Amino acid sequence: MKVLMINGSPRVSGNTSIALKEMEAVFAQEGIETETIQIGNQAIRGCIACNTCAQKGQCVFDDAVNAVAPKFEACDGLVIASPVYYASANGTLISFLDRLFYSTHFSKAMKVGASVVVARRGGLSATFDELNKYFTIAGMPVASSQYWNSVHGRAPGEAAQDAEGLQTMRVLARNMSFLIKSIALGKETYGLPEAEAPQRTSFIR
């Protein structure tokens with residue numbers, strides 16, 4: 001079993017990394033492999049709605065999105081982590097996620113998702129909600145913790161002082177591990193829920 005972790009911070013060893021490393025330690029204890037990919041420091045443009053991915057099976061822009069896509073398909077869980085900018089996620093991360101979710105056509109159903117947000121003070125819950133929307137449009141169960149999945153810290157390393165935030169990360173990783181294992185057992189016993197063909201309606205007709 002494997003969890004793919006996306007770090008949306010431009011800082012490789014920043015406070016967002018501290019939050020993810022707290023989770024990594026728990027995943028290791030649970031026997032779940034992890035891979036962390038740093039996205040926030042890469043040059044990733046936004047989606048241009050060209051729909052080329054519908055024919056090519058991958059995004060027209062051949063960058064980290066296409067490199068990560070097979071890792072996303074193979075993983076059992078996805079953690080998306082971001083610092084908070086103006087009560088929103090890192091813009092590079094959002095461009096990456098828009099294109100990753102839109103250009104990949106494999107089923108994401110029952111992959112467990114979790115979002116993690118880091119800020120000095122405010123904007124955490126708005127960013128948390130923003131990131132969770134990627135999971136809930138794709139049939140992905142969302143892992144929760146004892147509190148909203150957030151850690152506080154501004155200067156490098158300050159997140160290590162947020163005892164409650166780090167505990168929230170550990171509980172989140174344990175809950176996510178439980179969900180991943182439970183879903184794996186459920187698949188063996190019951191299979192996946194029946195999928196219906198999408199019904200696309202327009203509000204102007």
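Keep in mind it's a predicted model, so treat the numbers as computed, not measured. Side chains included, hydrogens not; waters and symmetry mates left out as well; all remaining heavy atoms used.
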Look at atom [atom1] of [X] and say whether more than 12 heavy atoms of other residues, nucleotides or ligands are closer to it than 6.0 Å.
X      : atom1 : result
Phe106 : CZ    : yes
Phe101 : CZ    : yes
Leu185 : CG    : yes

Which residue pairs satisfy the salt bridge (Lys or Arg N to Asp or Glu O under 4.0 Å) criterion with at least one member in [range], sequence neighbours excluded?
range            : value
residues 53-63   : Asp63-Arg99
residues 151-162 : none
residues 5-29    : Glu22-Arg170

Is Lys133 close enough and on-axis enough to Phe135, meaning under 6.0 Å and within 45°, for cation-pi? no

Results of side chain to side chain donor-acceptor pair (under 3.5 Å) for [X] - residues two or more places apart only:
X      : result
Tyr147 : none
Gln167 : Gln146
Asp129 : none
Glu30  : Lys181

Which atom of Leu172 lies closest to which atom of Ala143, heavy atoms considered: CD1-O, 3.7 Å

For Ala159 and Asn15, work out which heavy atoms get closest and say how close. N-OD1, 2.9 Å

Any Met176 side-chain heavy atom under 4.5 Å of Val79 side chain: yes

Given side chains that start at C-beta, do those of Ser82 and Thr16 come closer than 4.5 Å, heavy atoms only? no

List, by chain and number, the other hydrophobic cluster members for Val171, where Ile, Leu, Val, Met, Phe, Trp and Tyr join if side-chain heavy atoms come within less than 4.5 Å, directly or indirectly. none

Run through the side-chain heavy atoms of Ile, Leu, Val, Met, Phe, Trp and Tyr, join any pair under 4.5 Å, and report what else lands in Phe61's cluster. Ile48, Val60

Side chains of residues 114-128: which donor-acceptor pairs under 3.5 Å do they make with residues two or more places apart or in other chains?
residue : atom : partner : partner atom : Å
Ser115  : OG   : Asn132  : OD1          : 2.8
Thr127  : OG1  : Ser88   : N            : 3.3
Thr127  : OG1  : Gly123  : O            : 2.9

Can you find a side-chain donor-acceptor pair between Ser107 and Lys111 that sits under 3.5 Å? no

Any residue meeting side-chain contact (heavy atoms from CB on, under 4.5 Å) with Ala28, in chain and number order, not counting sequence neighbours: none

Out of Val142, Asn149, Leu93, which residue meets the side chain to side chain contact (heavy atoms under 4.5 Å, CB included) rule with Leu131? Leu93

Residues two or more places apart in sequence or in another chain: which of them pass salt bridge (Lys or Arg N to Asp or Glu O under 4.0 Å) with Lys2? Glu33, Glu35

